[in-house]
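For clarity, every value in this text was computed on a predicted model and none was experimentally measured. Both backbone and side-chain heavy atoms feed into the values below; hydrogens, waters and symmetry mates do not.
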Amino acid sequence: QVQLVESGGGLVQAGGSLRLSCAASERTVSNNAMGWFRQAPGKEREFVASVTWSRGTTYYVDSVKGRFTISRDNAKNTVYLQMNSLKPEDAAIYYCALSPFTIGLGEGSSYHTWGQGTQVTVSS
């Protein structure tokens with residue numbers, strides 16, 4: 001079974017940057033895209049960004065457009081989330097996930113494997 005290992009979370013001041021990484025233990029035929037989600041205390045899980053492995057097609061939630069960049073390194077089976085101009089409202093646990101699909105990637109139900117999460121804290 002594919003496993004995901006996330007890293008890169010931490011504490012940063014508002015306006016700062018962090019880069020999250022998510023490494024998949026292997027590529028399989030059921031792994032066509034990867035997404036990042038986040039969940040803040042007392043809030044529902046929220047889609048952040050996704051990227052397809054083959055074409056690198058990206059998709060972002062409006063609130064992070066222009067600030068976050070998702071990218072992938074196919075050779076390393078790793079996806080990155082570069083987060084710039086961080087705001088206190090970006091603070092959450094960030095999860096990466098694998099999807100067998102290349103559409104509908106804004107929905108959590110499109111993903112079948114999830115990482116353990118990494119905490120992002122933004123101080124004001």
Report task. Please name all residues satisfying side chain to side chain contact (heavy atoms under 4.5 Å, CB included) with Ala23, sequence neighbours left out, ordered by chain then number. Result -> Thr78
**Report entry** Contacts of Asn77 that satisfy side chain to side chain contact (heavy atoms under 4.5 Å, CB included) - sequence neighbours left out
**Finding:**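 Checked Asn77 against side chain to side chain contact (heavy atoms under 4.5 Å, CB included); matches are Ala24, Arg27.
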By salt bridge (charged side-chain N to carboxylate O under 4.0 Å, His left out), which residues pair with [X], not counting sequence neighbours?
X: Lys65; answer: Asp62
X: Arg45; answer: none
X: Glu46; answer: Arg38

Requested in this report: For the pair Thr52 (side chain) and Thr57 (backbone), establish whether a donor and an acceptor sit closer than 3.5 Å, ignoring hydrogens and angles.
Outcome: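 Side chain of Thr52 to backbone of Thr57, a donor-acceptor pair under 3.5 Å: yes, one is there.
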For [X] and [Y], which heavy atoms make the closest approach, and how far apart are they?
X: Leu18; Y: Val12; answer: CD1-CG1, 4.0 Å
X: Arg72; Y: Arg55; answer: NH2-C, 3.7 Å
X: Ser99; Y: Ser110; answer: OG-O, 2.7 Å
X: Gly106; Y: Phe37; answer: O-CE2, 4.2 Å
X: Glu26; Y: Asn31; answer: O-ND2, 3.8 Å

Requested in this report: Can you establish whether the number of heavy atoms outside Ile103 located under 6.0 Å from its atom CD1 is more than 12?
Outcome: no
**Report entry** Neighbour count >12 (heavy atoms, 6.0 Å) for atom CD, Glu89
**Finding:**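 Atom CD in Glu89 is crowded, with more than 12 foreign heavy atoms closer than 6.0 Å.
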Report task. With sequence neighbours left out, write down each residue that passes side-chain hydrogen bond (donor to acceptor under 3.5 Å, both in side chains) with Arg67, or none if nothing qualifies. Result ->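 Once residues adjacent in sequence are excluded, the partners of Arg67 under the side-chain hydrogen bond (donor to acceptor under 3.5 Å, both in side chains) criterion are Asp90.
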Query - Under the side-chain hydrogen bond (donor to acceptor under 3.5 Å, both in side chains) test, residues paired with Ser17 that sit two or more places apart - result: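 Asn84.
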With rounding to the nearest 0.5 angstrom, report the [atom1] to [atom2] distance, [X] to [Y].
X: Asn32; Y: Met34; atom1: CG; atom2: CE; value: 11.5 Å
X: Arg19; Y: Ser7; atom1: CZ; atom2: OG; value: 8.5 Å
X: His112; Y: Leu98; atom1: NE2; atom2: CG; value: 5.5 Å

Donor-acceptor pairs under 3.5 Å, side chain of residues 115-124 to any protein atom, not counting sequence neighbours: which ones?
from, atom 1, to, atom 2, distance (Å)
Gln116, NE2, Glu6, O, 3.4
Thr118, OG1, Gly9, N, 3.2
Gln119, NE2, Ala92, O, 3.4

Query raised in the report: Is there a side-chain contact between Leu81 and Thr69, using heavy atoms and a 4.5 Å cut-off?
Result: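 They are not in contact (no side-chain heavy atoms under 4.5 Å apart), so the answer is no.
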Requested in this report: Flag the pair Leu4 / Trp114 as yes when at least one side-chain heavy-atom distance between them is below 4.5 Å, and no otherwise.
Outcome: no
All pairs passing disulfide (SG to SG under 2.5 Å) where [range] contributes a residue, at least two apart:
range: residues 32-68; answer: none
range: residues 51-90; answer: none
range: residues 64-124; answer: Cys22-Cys96

Query raised in the report: Which residue pairs satisfy the ring pair (Phe, Tyr, Trp, His ring centres under 6.0 Å) criterion with at least one member in residues 54-110, sequence neighbours excluded?
Result: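 Listed by first then second residue: Phe47-Tyr59.
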Query raised in the report: Taking a hydrophobic cluster as the set of Ile, Leu, Val, Met, Phe, Trp and Tyr residues connected by side-chain heavy atoms closer than 4.5 Å, whether directly or through intermediates, do Trp53 and Val2 fall within one such cluster?
Result: yes
